[in-house]
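These notes are about the structure you will find just below.
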Amino acid sequence: MSTLRFQALKETLDRKEIAVNEPARRSDIFGKHVFDKDSMRQHLNKEAYKSVQDAIVNGSKIDRSVADHVSTGMKEWAIQNGATHYTHWFQPLTGATAEKHDAFFELEMDGTVLEKFGGGQLVQQEPDASSFPNGGIRNTFEARGYTAWDPTSPAFIMGTTLCIPTVFVAYTGEALDYKTPLLRSLQAIDSAATDVCKYFDKNVTKTVATLGWEQEYFLIDSALADSRPDLQLAGRTLLGHSSAKGQQLDDHYFGAIPTRVLNFMRDMETECMLLGIPVKTRHNEVAPNQFELAPIFEEANLAVDHNSLLMDVMRKVASRHFFKVLFHEKPFAGVNGSGKHNNWSLATNTGVNLLSPGSTPMKNLQFLTFFVNTIKAVHDNEELIRATIASASNDHRLGANEAPPAIISVFIGSQLTNVLDELEKVTDGKLSPEEKTDLKLNVVGKIPEVILDNTDRNRTSPFAFTGNKFELRAVGSTANCANPMTVLNAIVAQQLIEFKAEVDALIKDKKLKKDEAIFNVLREYIKQSKKIRFEGDGYGEAWEKEAKKRGLSNNKTTPDALKAKVSKKSIKLFEDLNIMSKIESEARYEIEVEEYAMRIQIEGRILGDVARNHVIPTAVKYQNRLIENVVGLKEIYGKDFKKMAKEQMILIEEISEHIEKINKGITEMTDARKKANNAKDAEETAALYCDEVKPFFDEIRYHCDKLELLVDDEMWPLTKYRELLFTR
Ligand code: ADP
Ligand code: MG
């Protein structure tokens, strides 16, 4: 066994338990490190408090003099809670969070020392941000971007640093982060949904999107993870023969959480409580060493921030427990990968979940309105939704019989299907009194009962209605939820605007009653969006064929899928709703296409290195040992040696064959990489990486994994799947 592999295993087996400091009652510490309403009340005067609340609820601007006051209060609170530094905390398009710490500590010209944090520093900063991806929006010589305070997401203390959630924009106004378009999409859905709500309840003045994500991840001992160059650099294994036992017995799912892992979880959840992340559920997932964590849902902007923050917290706490968290969508071949379900709904300021059926026919008509409009929006924009969940890592998971396919469809359950079938029969134009009564009593009135009975949950659907929310299940575990949430808000907002225009037109021109007009428009939407609804097995081949017949897209790779982001239709959608300009859409496309190519490039290099520097030399060493054995046998037995050495000689040949295939594969892959690097533009580079470089991965891996089975375990240098997945 290589020294590295041996030491990693030994270290893992020798781990001592880490003590966990968990409070008896979580409610005692919840939000203690957050500058929330309570802390604001204590540290701000009335005017400043009101001003911040107004900014949160109504999006109003905070006056500069008030900002000075807020920053002073925030600083006092932060210092009281152990902070020494502050930072603007933002989510650039790298996929990680960014922070640059400054001390509160200031030295005046006269030598006076004080702790300072002014309104200006709270509201706006100018990080030297030339090294963040910008898709060509800013040239480095004018690399000026700024971060600006987002008061709708509260400041928090991480370690000893006060973190202020901010947007990150170029001086020319273009968004350079995930948050800016998300906030704009939330404004769009607020305005569009609130307008539609007014048909049903005049008291509704604000609508927010809600998000409850479910984060899946793997936990691997850090010594084992660091012993593998592929895990260390790519976050996934690029080779490795599957373990004799994997997840076949289903003995991990919902099983007892191992103590070491539980200690990590308790520690991490305590941190989450302090930071106001309302984590609620934890359990073992399907694959060995795979787990899931879910919070209580929140307003979408806050929920997105909390997911990004959670991923940071998890990494930090894991390292304290000598674990490495793998967020990659497919760290191990042959066992399930990880996703991040995004549960999405809309809630009004009057406390109504718009995707939850109510107790009266009118409330149910409101539910149906939002329900059908969402389905219609997904139908009209299925390719864009597919694009928004596309990444090099998620490509491994989608359609791999463990996650939804690359085809977007909507599952609503048999009972709601019946309701929509009934609504499809509604008369064109004015409805008779009998028909209205029938609709009220037998269709719309029956929905709550229907939902209560509706237990058949189709786990194979990428977009499923689950009683009071839609669940987008195709999101990858590494993703920033802002991406899919921005798209979902945008397409539903656009749909609701259209809906309102159509209903108003029927009321005005055709003199229909409001509910008649709504029924009429919904009927058409139900018909028009029928092909996106699918209740069957999304994993099956039959669905792929059927979906093709229906004309649904099936973009299996990221370079293919991403194109929908810059289609005329998508660009117009984002422009019309003031979410992104054409330049912003195109820049984002450029960034994602480039990132895709880089990820495949890096993986290709790692695979080449590991195969040539670890696998082949080991195979040669073992082959030499076999040769020695054959030579020895010949010495002892003379011409009879062949009978004795037969199997060894077969092994020697097999090893040579595998070595040859690996070496040839790497050489050809390297040539393909060169070709891809010299392509005319980023789009073509990505396509070449996808179609011509990536296929070598499986070929090279196949032969490496065969060698792993042949070569003496003692000699094998790479920590094996069995050890990675079952040692803890
Ligand atoms: P499961 O899908 O595992 O059976 P639940 O239906 O209770 O469990 O909820 C799953 C997730 O959905 C949770 O993370 C929860 O926060 C989220 N969720 C529940 N209601 C809403 C809502 N109205 N809006 C957004 N997310 C929600
Ligand atoms: Mg779920």
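Just the heavy atoms: all of them, side chains too, but no hydrogens, waters or symmetry mates, feed the values below.
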Legend entry - Expected output: side-chain S345 to main-chain K469 donor-acceptor under 3.5 Å: no
Legend entry - Candidates K661, H658, E657, E660 - the one meeting side-chain hydrogen bond (donor to acceptor under 3.5 Å, both in side chains) with H703: H658
Inset, instruction - Kindly check if the number of other-residue, nucleotide or ligand heavy atoms within 6.0 Å of NZ (K664) is above 12? - result: no
Inset, instruction - List the atom of Q125, the atom of Y86, and the distance in Å for their closest heavy-atom pair. - result: NE2-CE1, 3.9 Å
Inset, instruction - Report yes if some heavy atom in the side chain of M273 is under 4.5 Å from a heavy atom in the side chain of D28; otherwise report no. - result: no
Inset, instruction - Quick one: sort the F168 and F90 rings into parallel, tilted or perpendicular, breaks at 30° and 60°. - result: tilted
Inset, instruction - For residues F104 and K75, determine if any side-chain heavy atom of one lies less than 4.5 Å from a side-chain heavy atom of the other. - result: yes
Inset, instruction - Would you check if the distance from the ring center of F470 to the ring center of W344 is below 6.0 Å? - result: no
Inset, instruction - Calculate, to the nearest 0.5 Å, the distance between atoms CZ and CG belonging to R473 and N343 respectively. - result: 8.5 Å
Legend entry - P331 backbone acceptor or donor facing T237 side chain under 3.5 Å: yes
Legend entry - Student check: side-chain heavy atoms of H341 and Q215 closer than 4.5 Å: no
Legend entry - Whether R228 side chain and T719 backbone form a donor-acceptor pair below 3.5 Å: yes
Inset, instruction - Check the surroundings of atom CZ in R15: do more than 12 heavy atoms from other residues, nucleotides or ligands lie under 6.0 Å from it? - result: yes
Legend entry - Side chain proximity check, R260 to H321, heavy atoms < 4.5 angstrom: no
Legend entry - Whether F156 and W89 hold their rings parallel, tilted or perpendicular, with breakpoints at 30° and 60°: perpendicular
Legend entry - Nearest atoms (heavy-atom pairs only) where I700 meets G665: CD1-C, 3.8 Å
Inset, instruction - Measure the shortest side-chain to side-chain distance between K280 and P295 over non-hydrogen atoms and say whether it is less than 4.5 angstrom. - result: no
Inset, instruction - For the residue pair E298 and H306, confirm or rule out a side-chain donor-acceptor distance under 3.5 Å. - result: yes
Inset, instruction - Check the angle between the aromatic planes of F264 and Y217 and answer parallel, tilted or perpendicular using the 30° and 60° thresholds. - result: perpendicular
Legend entry - S39 side chain vs V34 backbone, donor-acceptor pair below 3.5 Å: yes
Legend entry - Lys/Arg-Asp/Glu bridge criterion (N-O < 4.0 Å) met for R315, D312: yes
Inset, instruction - Give a yes or no on whether a salt bridge exists between E271 and R320, defined as a side-chain N under 4.0 angstrom from a carboxylate O. - result: yes
Legend entry - Partner of L626 by side-chain contact (heavy atoms from CB on, under 4.5 Å), out of L710, I652, D712: I652
Inset, instruction - Answer yes or no: is there a donor N or O on one side and an acceptor on the other, between the side chain of D705 and the main chain of G240, under 3.5 Å? - result: yes
Legend entry - Check: T152/N301 side-chain N/O donor and acceptor closer than 3.5 Å: yes
Inset, instruction - May I ask you to test the S656-Q623 pair for a side-chain heavy-atom distance under 4.5 Å? - result: yes
Legend entry - Salt-bridge contact K10-D14 (side-chain N to carboxylate O under 4.0 Å): yes
Inset, instruction - Return the orientation label for the Y721 and F332 ring planes: parallel under 30°, perpendicular over 60°, tilted otherwise. - result: perpendicular
Legend entry - Distance-minimising heavy-atom pair for A155 and L162: CB-CD1, 4.0 Å
Inset, instruction - Taking atom CZ of F726 as the centre, report whether more than 12 heavy atoms of other residues, nucleotides or ligands fall under 6.0 Å from it. - result: yes
Legend entry - side chain to side chain contact (heavy atoms under 4.5 Å, CB included) partners for K720, two or more places apart: R5, E708, D713, W716, R722, E723
Legend entry - Among R386, R236, K556, salt bridge (charged side-chain N to carboxylate O under 4.0 Å, His left out) partner for D395: R386
Legend entry - Whether D150 side chain and P165 backbone form a donor-acceptor pair below 3.5 Å: no
Legend entry - Residue pair P133 / T94: nearest heavy atoms and the distance that separates them: CD-CG2, 3.4 Å
Inset, instruction - Measure the acute angle between the ring planes of H328 and H396, then classify it against the limits of 30° and 60° as parallel, tilted or perpendicular. - result: tilted
Inset, instruction - State whether K179 and D177 are salt-bridged, where the test is any N-O pair (Lys NZ or Arg NE/NH1/NH2 against Asp/Glu carboxylate O) under 4.0 Å. - result: no
Inset, instruction - State, to 0.1 Å, how close L707 and V615 come at their nearest heavy-atom pair, and which atoms those are. - result: CD1-CG1, 3.8 Å
Inset, instruction - May I ask you to decide whether E595 forms a salt bridge with R599, counting only side-chain N to carboxylate O separations under 4.0 Å? - result: yes
Legend entry - Carboxylate-amine/guanidinium contact D221 K324, below 4.0 Å: no
Inset, instruction - Look at the side chain of R282 and the backbone N and O of A294, then say whether any donor-acceptor pair between them is shorter than 3.5 Å. - result: no
Inset, instruction - Could you tell me whether F697 atom CZ has more than 12 heavy atoms of other residues or ligands within 6.0 Å of it? - result: yes
Legend entry - Close side-chain approach of V261 and F323, heavy atoms under 4.5 Å: yes
Legend entry - Residue pair T270 / I29, side-chain heavy-atom distance below 4.5 Å: yes
Legend entry - Residue pair T12 / T727, side-chain donor-acceptor N/O under 3.5 Å: no
Inset, instruction - Using modelled atom types only, decide if a donor and an acceptor are shared between the side chain of Q290 and the backbone of G337 within a distance under 3.5 Å. - result: yes
Inset, instruction - For the pair N394 (side chain) and A474 (backbone), establish whether a donor and an acceptor sit closer than 3.5 Å, ignoring hydrogens and angles. - result: yes
Legend entry - Pair E603 + K694, salt bridge at N-O below 4.0 Å: no
Inset, instruction - Verify, without hydrogens or angle tests, whether Q91 (side chain) and T97 (backbone) share a donor-acceptor contact under 3.5 angstrom. - result: no
Inset, instruction - Would you mind checking if K340 and E329 are paired as a salt bridge, meaning a charged N to carboxylate O distance below 4.0 Å? - result: no
